[in-house]
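Residue numbers begin at 1 in each chain, while the letters A, B, ... track the order of the sequences.
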2 protein chains.
Amino acid sequence: MSPDELWELNSAARHKTYPAGQTIVTQGEPNVLANIVTGIVVEKKGLADGREQIVSLLFPSDFLGNAYRRDADATAQTVSPVTLCTFERSGFEDVVRSHSAFRQALFDHAVAELDQAREWMLLLGQMRAGERVATFLMRLARRQSDAGCSHMPRDVVSDGAMLRIPITRGQMAAFLGLTVETVSRKLGALRDAGVIDLLGPRTVRINNVERLLAESL
Amino acid sequence: MSPDELWELNSAARHKTYPAGQTIVTQGEPNVLANIVTGIVVEKKGLADGREQIVSLLFPSDFLGNAYRRDADATAQTVSPVTLCTFERSGFEDVVRSHSAFRQALFDHAVAELDQAREWMLLLGQMRAGERVATFLMRLARRQSDAGCSHMPRDVVSDGAMLRIPITRGQMAAFLGLTVETVSRKLGALRDAGVIDLLGPRTVRINNVERLLAESL
DNA sequence: CGCTGACTTGACCAGTGTCAATAAAGGTGG
DNA sequence: CCACCTTTATTGACACTGGTCAAGTCAGCG
């Protein structure tokens, strides 16, 4: 995007911070348009009896909210303390209307999200518990190696890679369609098999990428 | 859309027919842009060992393919004999570029698909087998009552409604993340409970919408 | 009218969920 | 900096849903 485009967008932007565990928007209520500056956000959908499915895990630089829909289709909640760069809807829409490159970027974003959602449908519908956990770790590792050094070839994870899990076991369970206990057991099984080390509940070292990939099918 | 817009689009269109069970596009290969005129199409994603998850069920009037992505993210396959109204990519893109209303429609379509995918993630990740089957029937019934008479209030299904299931049990299973046997058993359970009648393997009468809705949670 | 693929049903069992008890981490205030 | 408390994570025993394997039935179609 050109400097003047960015400036125009920036004039509609405002920074906002949230503590950990805070709900940003609730399913069905007016949406928020924002970029995540720091922290982790989850989007989730719930059933009447309280069961919840996390449908998206958002990292810094990810976009939150849908420009073309007034109300949110999922609840967005902070996992850690979060800084958002929020946009006024009216100013945002002006920028979208007048700049086709920006419109294109938004569209690409929506398409990528659809692709991810369908990939996750495959995981939720067909994979067994161990495969889901292994797949989650691999995708997280890829994502972090991407973000860390953009000069590296994409999607490469090497043996010995350290991995920070940004969410609790409960949130992993809600994302993978499992229970906390099963997630914990499958991680333990990977540890016992020597595929990973659990250095702490949120820190993993991948000893054998190939085997982890094989587990994830 | 205005008549001249439709005409312009039409000049890029060509009708095509496929027999039942035919693959239209394969995951990862160049996409197709088309409207479904008649017949049912499924989009599915597969694992290396052959397990498959249906990610979308498409009816006449639904749009197939993604204008902003060259390759397909899923395999599209006909369920019944299908007539497609396909568009040349180049001509299609001209229309998209020059008509904002059309672009908007495409965007709305993508957003709706994302919403549906996430709704299905909730089903696949959190619901039990019986709930999944009941939910499938309800959504199918709503969709058919919509299409049937657009003058009726949307989403209303009344007791005694007849329902045609357009796919096999195997495809239902692949859509719901279950096995054929479980789908069959849960349908049988609904029949035994008097909630539905199974007039044939593909024809259902809903005797008690309220209870079916309760089963689907 | 018979054949083939789709569907149903039963018996059995494995993989996950459930319940319960500990153990470890992390945060707070002294 | 340490002790306490709360939350989070691990582990075990057990139950149960849904998957697997195997017959058998039905429906549609040539």
Side-chain angles (χ1 to χ4, degrees), chain A residues 19-21 40 42 47 49-53 78-81 123-134 136-137 164-193 196-204 215 217, chain B residues 19-21 40 42 47 49-53 79-81 123-137 164-193 196-204 215 217:
Chain A
I40 306 287
V42 296
L47 254 28
D49 64 355
R51 282 175 282 176
E52 289 183 334
Q53 176 68 37
T78 63
V79 167
S80 56
L123 178 144
L124 293 171
Q126 301 299 328
M127 288 187 180
R128 1 207 57 238
E131 297 166 352
R132 297 187 200 187
V133 171
F136 175 77
L137 290 178
R164 167 126 198 107
I165 300 177
I167 54 177
T168 67
R169 296 283 184 274
Q171 287 159 340
M172 279 182 70
F175 198 22
L176 298 171
L178 302 169
T179 59
V180 183
E181 293 91 330
T182 300
V183 171
S184 187
R185 279 193 192 95
K186 294 305 176 184
L187 283 172
L190 286 172
R191 165 175 44 76
D192 295 347
I196 61 173
D197 284 339
L198 294 171
L199 306 177
R202 307 292 264 280
T203 315
V204 173
E215 299 284 344
L217 265 183
Chain B
I40 306 288
V42 296
L47 254 27
D49 64 356
R51 282 175 282 175
E52 289 183 336
Q53 175 68 36
V79 167
S80 56
L123 179 144
L124 292 170
Q126 301 299 328
M127 288 188 180
R128 356 202 78 243
E131 296 166 352
R132 297 187 200 187
V133 172
T135 303
F136 175 77
L137 291 178
R164 167 123 197 109
I165 300 178
I167 55 178
T168 67
R169 296 283 185 273
Q171 288 159 340
M172 279 183 68
F175 199 23
L176 297 172
L178 301 169
T179 59
V180 183
E181 294 91 329
T182 300
V183 171
S184 186
R185 273 193 261 271
K186 293 305 177 184
L187 283 172
L190 286 172
R191 165 176 44 78
D192 295 346
I196 61 173
D197 283 339
L198 294 171
L199 306 177
R202 305 293 265 281
T203 314
V204 173
E215 299 285 342
L217 267 183

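Between A:K186 and C:dT16 there is a side-chain N or O to OP1 or OP2 distance below 4.0 Å. The phosphate of D:dA9 (OP1 or OP2) has no side-chain N or O of A:S184 nearer than 4.0 angstrom. For B:T182 and D:dG18, the shortest distance from a side-chain N or O to OP1 or OP2 is not below 4.0 Å.
A residue-by-residue look at A:A129 and B:P201 shows that B:P201 has its nearest nucleotide of DNA chain C further toward the 5' end.
Interface remark: the B:R185 side chain does form a donor-acceptor pair with the D:dT20 base, using a distance-only criterion of under 3.5 Å. A donor-acceptor contact under 3.5 Å is not formed by the side chain of B:E181 with the base of C:dC7.
Using a 4.0 Å heavy-atom cutoff across all strands shown, A:L187 reaches no nucleic acid atom at all. Contact annotation for A:G21: no contact, since no heavy-atom pair falls under 4.0 Å across all strands. Across all strands shown, B:G200 has no heavy atoms under 4.0 Å from either base or sugar-phosphate atoms. Among the heavy atoms of the strands lying under 4.0 Å from A:R128 are primed sugar atoms or P, OP1, OP2 only; no base atom is included. At the heavy-atom level, A:R132 lies nowhere under 4.0 Å from the strands shown. If you check every strand for non-hydrogen atoms under 4.0 Å, B:G177 touches sugar and phosphate atoms only. Note on B:R202: only backbone sugar-phosphate atoms sit closer than 4.0 angstrom, heavy atoms only; bases stay farther off.
Heavy-atom minimum distance, A:V183 versus A:A173: CG2-CA, 3.8 Å. Contact record, B:P201 with B:I165: O-CD1, 4.5 Å, taken as the closest heavy-atom pair.
Using a 4.5 Å cut-off on side-chain heavy atoms (C-beta onward), B:L176 and B:T135 make no contact. When side chains are defined from C-beta on, B:V133 counts as touching B:L178, because their heavy atoms get closer than 4.5 Å.
As rounded to whole Å, 12 Å separates atom C1' of C:dT8 from atom CG of B:D192. Residue A:I165 contributes atom CD1, which lies 9 Å from atom P of D:dA9 at whole-angstrom precision. Per the geometry, CG belonging to B:L123 stands 12 Å off P belonging to D:dG18, to the nearest Å. The distance between atom CZ of A:R169 and atom P of C:dT16, rounded to the nearest whole Å, is 18 Å. Separating the CG atom of A:L199 from the P atom of C:dA24 is a distance of 16 Å, rounded to the nearest angstrom. Rounded to an integer number of Å, the gap from A:L176 CG to C:dG17 C1' is 15 Å. When rounded to the nearest whole Å, the span between CZ of A:R51 and P of C:dT16 equals 18 Å. B:M127 places its CE atom 18 Å from the P atom of D:dT17, with the value rounded to the nearest Å.
Between atom CD of residue A:Q126 and atom CG of residue B:L124 there is a gap of 8.5 Å, rounded to the nearest 0.5 Å.
In this structure, B:E215 does not pair ionically with B:K186, as no charged nitrogen and carboxylate oxygen lie closer than 4.0 Å.
When distances are taken from the side chain of A:T168 to each of D:dT8, C:dT8, D:dT10, the shortest belongs to D:dT8.
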